[in-house]
Amino acid sequence: MIINVHGIDYAVEVKGEGDPLLLLHGFTGSKKTWAPFTSQWSKRYKTIAIDIIGHGETASPEDVAYYSMESVARSLNEILQTLGIEQTHLLGYSMGGRLALYFALHYPRVVMNLILESASPGLTSPVERNTRIENDHRLAERIISEGVGAFVAYWEKIPLFATQENLPEHVTSAIRKERLDQKAIGLANSLRGMGTGQQPSLWEALPTFRHSVLMVVGARDQKFVNIAERMKQCFEKSKIIVVPHVGHAVHVEDSIKFAKIVYEDFYHMIENH
Ligand SMILES: C=C(O[C@H]1C=C[C@H](C(=O)CCC(=O)O)[C@@H](C(=O)O)[C@@H]1O)C(=O)O
């Protein structure tokens, strides 16, 4: 379905009748990221898969202001209100994890519990933030000047995804098609508006989140294992699951284990709190 908030058409797919679980994909992804999982998960949750602004079938406006974390979080809240959902669990992968954290900390009455896959609360150091903003803006310019095809060829080869090199062809080609279907202005403005450096640092606010957080990281993604261990020191109630032999995109590299983590581990974790 399409839900219009602030003049932006958001593509949303709802399945199931249990407790709501809002699914937020990563940069270059879409609600299709969750397609292998929602048939099972929707037996236990009401899954709400959204195409984040600039991605998938959701609009890609020219104005970068629509892509700020503040604006996107406000839109997510209005989408939930339109769906009649007062409270929801959130699952966010990478960029979607950053958005899930931002939303949980700014709309605490709406969010029950969190699953963060390979996520970060942003950068605390102004020098790191400025460097990241410059790098993301350069990458955004490259996407506009060289096109999505050239960007995807570069992006799928960044070190973070080296662990995906030996995945089956049908898996890597599905991810490549999801990326190639994106619009250049949507990806570019996503980096400019809600990139890791552009977003405000959420580190200081993590202790204010009162509900349970399940962090899922790949053992071969040391950078995000370290970030998860640092976040665990800040959250009131959290747990880390380090999935062996996989990297950043745990849901891609061990989809069976990831499906179980969401369907079983998270469900029993929140049941006992
Ligand atoms: C390269 C880094 O950051 C990027 C990597 C992961 C994030 C993401 O959403 C990628 C999803 C995917 O392509 O599978 C992305 C983000 O959070 O926006 C980051 O730009 C890094 O080393 O931090």
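Counting starts at 1 for both ligands and their atoms, following the listed order. Just so you know, these numbers come straight off a predicted model, no measurement behind them.
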Trp41 vs Tyr45, ring pair (Phe, Tyr, Trp, His ring centres under 6.0 Å): CA-CA, chis, key distance, verdict
CA-CA 6 Å; Trp41 293 348; Tyr45 308 100; 7.5 Å; no
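- Contact analysis puts Arg179 in contact with ligand 1, with a non-hydrogen atom separation below 4.0 angstrom.
- With salt bridges taken as basic N to acidic carboxylate O contacts below 4.0 Å, none links Glu57 and Lys32.
- None of His106, Met69, His6 except one satisfies the side chain to side chain contact (heavy atoms under 4.5 Å, CB included) rule with Arg74; the exception is His6.
- No side-chain donor from either of Thr172 and Gln164 sits under 3.5 Å from a side-chain acceptor of the other.
- Among protein heavy atoms, the minimum distance from atom 8 (C) of ligand 1 is reached at Ser94 OG, 2.9 Å.
- Close approach to His248 involves these atoms of ligand 1, each under 4.0 Å from a residue heavy atom: 6 (C).
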Arg192/Asp136 under salt bridge (charged side-chain N to carboxylate O under 4.0 Å, His left out): CA gap, chis, key distance, verdict
CA-CA 7 Å; Arg192 291 164 176 156; Asp136 281 349; over 6 Å; no
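- Among Lys223, His25, Arg132, Gln198, the residue whose heavy atom sits closest to atom 4 (C) of ligand 1 is Arg132.
- Heavy atoms of Glu117 found under 4.0 angstrom from ligand 1: none, in either backbone or side chain.
- Residue Gly26 has at least one heavy-atom neighbour below 4.0 Å for each of these atoms of ligand 1: 9 (O).
- When non-hydrogen atoms are compared, ligand 1 lies under 4.0 Å from the side chain of Arg98 (C-beta onward) but not from its backbone.
- Looking at ligand 1, you won't find any N or O of Leu191 less than 3.5 Å from one of its N or O atoms.
- A donor-acceptor pair shorter than 3.5 Å can be found between the side chains of Lys15 and Thr38.
- Backbone and side-chain nitrogen or oxygen atoms of Tyr93 are examined, and one is located within less than 3.5 angstrom of a nitrogen or oxygen of ligand 1.
- Of the charged side-chain nitrogens involved, at least one lies within less than 4.0 Å of a carboxylate oxygen, so that Arg142 and Glu146 count as a salt-bridged pair.
- Polar contact check, Phe161 against ligand 1: no nitrogen or oxygen pair lies under 3.5 Å apart.
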